[in-house]
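Protein chains get the first letters and strands the later ones, always in sequence-line order, with residue 1 at the start of each.
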Amino acid sequence: MSVSTSSRRLMVQAQAASGGERRQRRRRRPLLLRDSGQVGAMSRRMVRRVLERNIEERYRAGHIGTEDALHLFDELLQVAGPSSTRAINCLLYVVGRDCPALGVSLFNRVARAKVPPHNVTYSILIGCCCHAGRLDLGFAAMGNIIKLGFAAEAMFSFSHLLRAVCAENKTSYAMDIALRRMPEFNCTPNVFSYSILLKGLCVEKRSQEALELIHMMVDAGGSCQPNVVSYSTVVDGLLKEGEVNKAYSLLCEMLHQGISPNVVTYSSIIFSMCKVQAMDKAEEVLQQMFDTGILPNITTYNSLIHGYYSSGQCEEVVRIFKKMSRNGVQPDIATYNIQMDYLCKSRRFAEARTIFDSMAGKDQKPNVTSCSILLHAYAMEQSFHDMHCLIELMVENGIAPDHSVYNILIVVYAKGKMVDEVMHIFTKMRQQGLNPNAANYGTVINLQYWPNG
DNA sequence: GTAGGGTTAG
C-alpha cells in the first residue's frame, strides 16, 4: 500500500479539520517574503537560504507555532531545493505534533516537491501516522524506508512503530520486530526500543517477562545497558502486579549498577504504597526523597492526595496541599480530578461542579477525565438534564468522549432497556475510531442486556 | 525526530 494513495482519506479529513485553512493561508501575505518583487530581485537560492536559516533558528528557540509553521511551509515549498530538508523537517515536526493527520498531508506535498526524501522526514511521517491511529500507513512508510535503503538508520521510525504496536497490546509482535526484524536490517535496538518493549510487557501484566528482558540486556553486556528509565519501568510493573520482593530486588540491582533512582522511580513506589493505603510507608519514602535531594513533583503529590482521600484522611490532604504550596508545586488537572472524584463519591456533587467550573479560571481546562467524573455523578443521580448539558459542553469545547464516557452512557441506556440507544453508542464509538473495549462489553453483559436475547 | 510515574467508566 502506498502512503500517498492510501492516506488520501486522511488528507481530506485533515483539510476538513483545518477548515479550508489552506485557502486562507494562500491569501495571507508571506511572513518573510513581504514583496513578491523581492523574489525576482534576489536569486531563488538566496531566498531559500534566508528562509531555511530563519526557520531552523526559530525552531531551535521554540518560537514556531502550528499556524506559523503552516505559513512558512507554503513559503518554503515555493523555493525549496535539496538543501531545504532540515527546515522542512522542523515544520513537519511542529505541525505533526499538534495535528498528525495534517502532518501526513504535508509530507505528501514534500514528496511531490523537489526535495529528496530523508530518513528524518520519514521518521516524522511515521510518528504522525502512528499518532493519527494509522499504523497501517506507518508500516507502508517503513516499506518505503526499506526500499530507499534507510532501514539501518531508521531507529526513530522503528521506535514509533514499536510504541504504536505496544499500544495495541501486541507487545509480542513488537518484540519480534525489535529482536528479530530490526537486526536483519542492521538496525540494532537501542535503550529506547527496549524501554518501549519493557513498558508494553508491564502494561500487559507480563512484568516477569520484562524482568527477564532487562536481565537479558545486562547479560548481553553490550552497549545497550538498562538505564534509570528501563529499571523504573519494570519496578513499576512489578509493584503494580504486587511483586513487591521482586521490585525491591530489582531496585537493589539498579543501585548495584551505579544507577540512582530519580523522581519517577520514587513516585512509582509511593503510588503503589498509596494504592494499598500504606500511607505511613509512603510518607517514609517521601522523606527519603527529600533526604537524597530529589524533590517530589505534582505526580508524586497526586498519589499521596489520592491515597489520603481513599483512606478517608481528608485532614492529611489539607496538610499535603500546604506542603505542596511551601515547595512551590502547583496543583494540575489530575489534582482537581482527584478532588472532584472524592467529592462525587461523597455525594457532594455541587462542590465537585464548583471545582469543575473554576478550573478554566485557574488555567487548567477540564479534560475528558474531568467530564467523565462529573457525568458519572449525574448518571448515578439519574440527572439526565445535567448529563445532556455536560455532553453539549464537551461538544462545544471539542472534548472527544472516550471509553469511559461512552461506558457511562451505555450503563444509563442499558438500565433503561433502551436497546436502540445502546446500539447507537457502539456505532458512534466506531465512527470515532474507538473500538469498544472489554469494559464496554462487560457492562452490557453484566446488566444482562443482550440485543438479540 | 524515539523510552518510564499520577486522575475517570465496569
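- Within 4.0 Å of A:H403, counting heavy atoms only, lies at least one base atom of the nucleic acid.
- With B:dT2, B:dT8, B:dG4 as the candidates, the nucleotide lying closest to the side chain of A:D402 is B:dT8.
- The side chain of A:S404 lies closest to B:dA9 when the candidates are B:dA9, B:dG5, B:dG1.
- Note on A:Y59: only backbone sugar-phosphate atoms sit closer than 4.0 angstrom, heavy atoms only; bases stay farther off.
- Using a 30° and 60° split on the angle between ring planes, A:F150 and A:H118 fall in the tilted class, from 30° to 60°.
- Across all strands shown, A:L197 has no heavy atoms under 4.0 Å from either base or sugar-phosphate atoms.
- Among the nucleotides B:dG4, B:dT2, B:dA3, the one closest to any side-chain atom of A:S232 is B:dG4.
- No donor-acceptor contact under 3.5 Å links the side chain of A:T233 to the base of B:dG4.
- A:T265 comes within 4.0 angstrom of a nucleotide base, judged by non-hydrogen atoms across all strands.
- Of the candidates B:dA3, B:dA9, B:dT7, B:dA9 carries the atom nearest the A:N437 side chain, counting heavy atoms from C-beta on.
- Rounded to an integer number of Å, the gap from CG of A:N190 to P of B:dG1 is 15 Å.
- Here A:F156 does not count as stacked on B:dT2, because the ring centres are not under 5.5 angstrom apart with planes under 30°.
- Considering every non-hydrogen atom in both A:L390 and A:C371, the closest pair reads CD2-O, 3.5 Å.
- Donor-acceptor pairing under 3.5 Å, judged by distance alone, is absent between the side chain of A:S268 and the base of B:dG5.
- Put simply, the side chain of A:N297 and the base of B:dG5 share a donor and an acceptor less than 3.5 Å apart.
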